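Note that this is a predicted model, so its numbers are computed, not measured.
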Amino acid sequence: MASISLRGVQKAYGDGALVIRDVDLEIGENEFCVFLGPSGCGKSTLLRMIAGLEDVTDGDLSIGGRLVNDVAAAQRGVAMVFQSYALFPHMTVFENMAFGLKLAKTPKDEIDRKVREAARILQLEALLERRPKALSGGQRQRVAIGRAIVREPGVFLFDEPLSNLDATLRGQTRVEIARLHKQFSKASVVYVTHDQVEAMTLADKIVLLHAGKDTERYGSIAQIGAPLELYHRPRSRFVAGFIGSPRMNFLPARVASVGPHGVTVTLEQTAENVRVPVSGDGLQPSQAVTLGVRPEHLEFIDPAAAQYAAPAMTDDAVLTRTVALVEHLGEHSYVHLDQPGGAALIAKAPGDTRLLPGDRAGLRVPSRACHLFTEDGFAAASLEFVEHYA
């Protein structure tokens, strides 16, 4: 097992432009760390630097306490699973899984034992004599994972391993990877994906990366933390908008008042007031801000009672909107509501909701589920953890 440490790591190519900027990161032994972010943010580049397939332009990269900036990939004690499987088409499944061990001059009986044990774990025993062209996409991916397992590395690296699979196979293989990590818990895992479902379900720690000009202002890393920490306590509007599907609702507002128990804001288009339990440090009345609330935290109430509900509640706001569109997804529905002067407000409803376009709907906005972002995109500090929604 091995920990991974990156200190001030940067990566630039020939034109001198930095694609990885100011990365400070610690990945502990046995930890499952997921690199998440939009296309072009440098997830795979950062992974390939750990693997030794890309040079480090600046900074220090250590694996297991050993500085590896100038250590060849084969000497780093890591095993990598590629998006494209990278299997040898002329070799059988057994030969593909044994290839790395043969190069390391491992005794034949040990190769046979390790390959057959990995095949048993991955349910590939009946396929050992087949060639890759006779396998499904999911089976090929399991062979690629098996080839990494037999080497018993200190670090497993996965570069978007499920992106070539259909939705059903992605779900099945995701469960297998989680199960394998528990079986081989001595190894650290670094996993690259743009799929937040994979990140949220697999990770002990998520490293969410910026893309574009944000890297110049803030560095490559937007936030590091456990999946639910990024979901409940995003540090910026970028994080809040990236984590969660559908994305968080963002409503333009202005600060109405700042008090010891939070900040009251007034929505710009409708003049409705919402109290947010965040610190008012640095906020001033009339300051432009953005109110954020997730679709799943909005609660539908009887619109006829909405006008009487607001005065009775000291924390939660109540809004009334017109339904524009209802997306029925079976277990739940997403209701799009007209929002004056901006994009539709989206709320999650039960799958059997009877709301129709044109209906008036009442929405309770739970104060404790709200977020507040300043004009520079950063979140105001929360006064308490959103335990009710954890």
Distance-minimising heavy-atom pair for [X] and [Y]:
| X | Y | value |
| --- | --- | --- |
| Arg151 | Leu101 | CA-CD2, 4.3 Å |
| Ile346 | Leu298 | O-CD1, 3.6 Å |
| Val9 | Leu6 | CG2-CB, 3.7 Å |
| Leu127 | Leu135 | CD1-CD2, 4.1 Å |
| Ala118 | Gly146 | CB-O, 4.4 Å |
| Thr353 | His328 | O-CE1, 3.7 Å |

Pair [X]-[Y], side-chain donor/acceptor within less than 3.5 Å:
| X | Y | value |
| --- | --- | --- |
| Glu29 | Ser188 | no |
| Thr173 | Arg142 | no |
| Asp166 | Thr168 | no |
| Ser279 | Asp281 | yes |
| Ser5 | Glu26 | yes |

### Pairing residues for Asn273 by the side chain to side chain donor-acceptor pair (under 3.5 Å) criterion, not counting sequence neighbours
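Scan of Asn273 (side chain to side chain donor-acceptor pair (under 3.5 Å), adjacent residues dropped) gives Thr266.
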### Query
In terms of hydrophobic clustering (I, L, V, M, F, W, Y; side-chain heavy atoms under 4.5 Å; direct or indirect links), are Leu122 and Val175 co-clustered?
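Cluster IDs for Leu122 and Val175 differ.
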#### Entry: Hphob cluster co-occupancy, Val19 + Val23, side-chain heavy atoms under 4.5 angstrom
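Linked, Val19 and Val23 end up in one cluster.
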### Residue pairs involving residues 330-352 (criterion salt bridge (Lys or Arg N to Asp or Glu O under 4.0 Å); sequence neighbours excluded)
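Of all non-adjacent pairs touching residues 330-352, none passes salt bridge (Lys or Arg N to Asp or Glu O under 4.0 Å).
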### Message
Phe156 and side-chain contact (heavy atoms from CB on, under 4.5 Å): which single residue from Leu180, Val81, Ile149, Ile145 fits?
### Response
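It is Ile149; the other options fail the test.
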### Task
Go through Lys108 and Asp112 one step at a time and tell me if the salt bridge (Lys or Arg N to Asp or Glu O under 4.0 Å) criterion holds.
CA-CA 6 Å; Lys108 287 186 178 181; Asp112 187 77; over 6 Å; no
Taking the side chain as every heavy atom from C-beta outward, state whether [X] and [Y] have any atom pair closer than 4.5 Å.
| X | Y | value |
| --- | --- | --- |
| Asp316 | Val365 | no |
| Arg131 | Met91 | no |
| Leu251 | Thr290 | no |

Spacing of [atom1] belonging to [X] relative to [atom2] belonging to [Y], to within rounding of 0.5 Å:
| X | Y | atom1 | atom2 | answer |
| --- | --- | --- | --- | --- |
| Leu363 | Glu299 | CG | CD | 9.5 Å |
| Leu372 | Leu283 | CG | CG | 6.5 Å |
| Arg235 | Leu230 | CZ | CG | 8.0 Å |

### Message
Tell me if a side-chain donor or acceptor on His336 pairs with a main-chain N or O of Glu327 at a distance below 3.5 Å.
### Response
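No; zero donor-acceptor contacts below 3.5 Å.
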### Message
Between Arg21 (side chain only) and Thr215 (backbone N and O only), is there a donor and an acceptor less than 3.5 Å apart?
### Response
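A pair under 3.5 Å: yes.
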### Query
Are Phe378 and Phe373 near enough that their ring centres are under 6.0 Å apart?
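Aromatic pair excluded; centres sit 6.0 Å or further apart.
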### Query
Do Tyr334 and His332 have ring centres separated by under 6.0 Å?
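Judged by ring-centre distance (under 6.0 Å), Tyr334 and His332 do meet the cut-off.
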### Message
Could you work out, with salt bridge (Lys or Arg N to Asp or Glu O under 4.0 Å) as the rule, every residue matching Arg321, not counting sequence neighbours?
### Response
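Testing Arg321 for salt bridge (Lys or Arg N to Asp or Glu O under 4.0 Å), a comparison that skips the adjacent residues, returns Glu272.
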#### Entry: Ring geometry between Phe158 and Tyr191 (parallel below 30°, tilted from 30 to 60°, perpendicular above 60°)
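Tilted.
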#### Entry: Parallel, tilted or perpendicular, as decided by the 30° and 60° cut-offs, for the rings of Tyr231 and His297
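The arrangement is perpendicular - the two ring planes meet at more than 60°.
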#### Entry: Charged tip of Arg237 within 45° of Phe250 ring normal and under 6.0 Å
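Pair Arg237/Phe250 counts as cation-pi.
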#### Entry: CA sep, side-chain torsions, deciding dist, call: Ile50, Leu61, side chain to side chain contact (heavy atoms under 4.5 Å, CB included)
CA-CA 7 Å; Ile50 295 172; Leu61 171 60; 4.2 Å; yes
### Task
Before accepting this row, confirm whether a basic side-chain N of the pair Lys205/Glu31 lies closer than 4.0 Å to the acidic partner's carboxylate O.
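Salt bridge present between Lys205 and Glu31.
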### Query
Charged N to carboxylate O below 4.0 Å: is that the case for Lys102 and Glu95?
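Salt bridge flag = no for Glu95 with Lys102.
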### Task
Evaluate the salt bridge (Lys or Arg N to Asp or Glu O under 4.0 Å) criterion for residues Glu117 and Arg120: first the C-alpha distance (whole Å), next the side-chain angles of each, then the deciding distance (0.1 Å), finally the verdict.
CA-CA 5 Å; Glu117 174 62 12; Arg120 182 189 65 78; 2.7 Å; yes
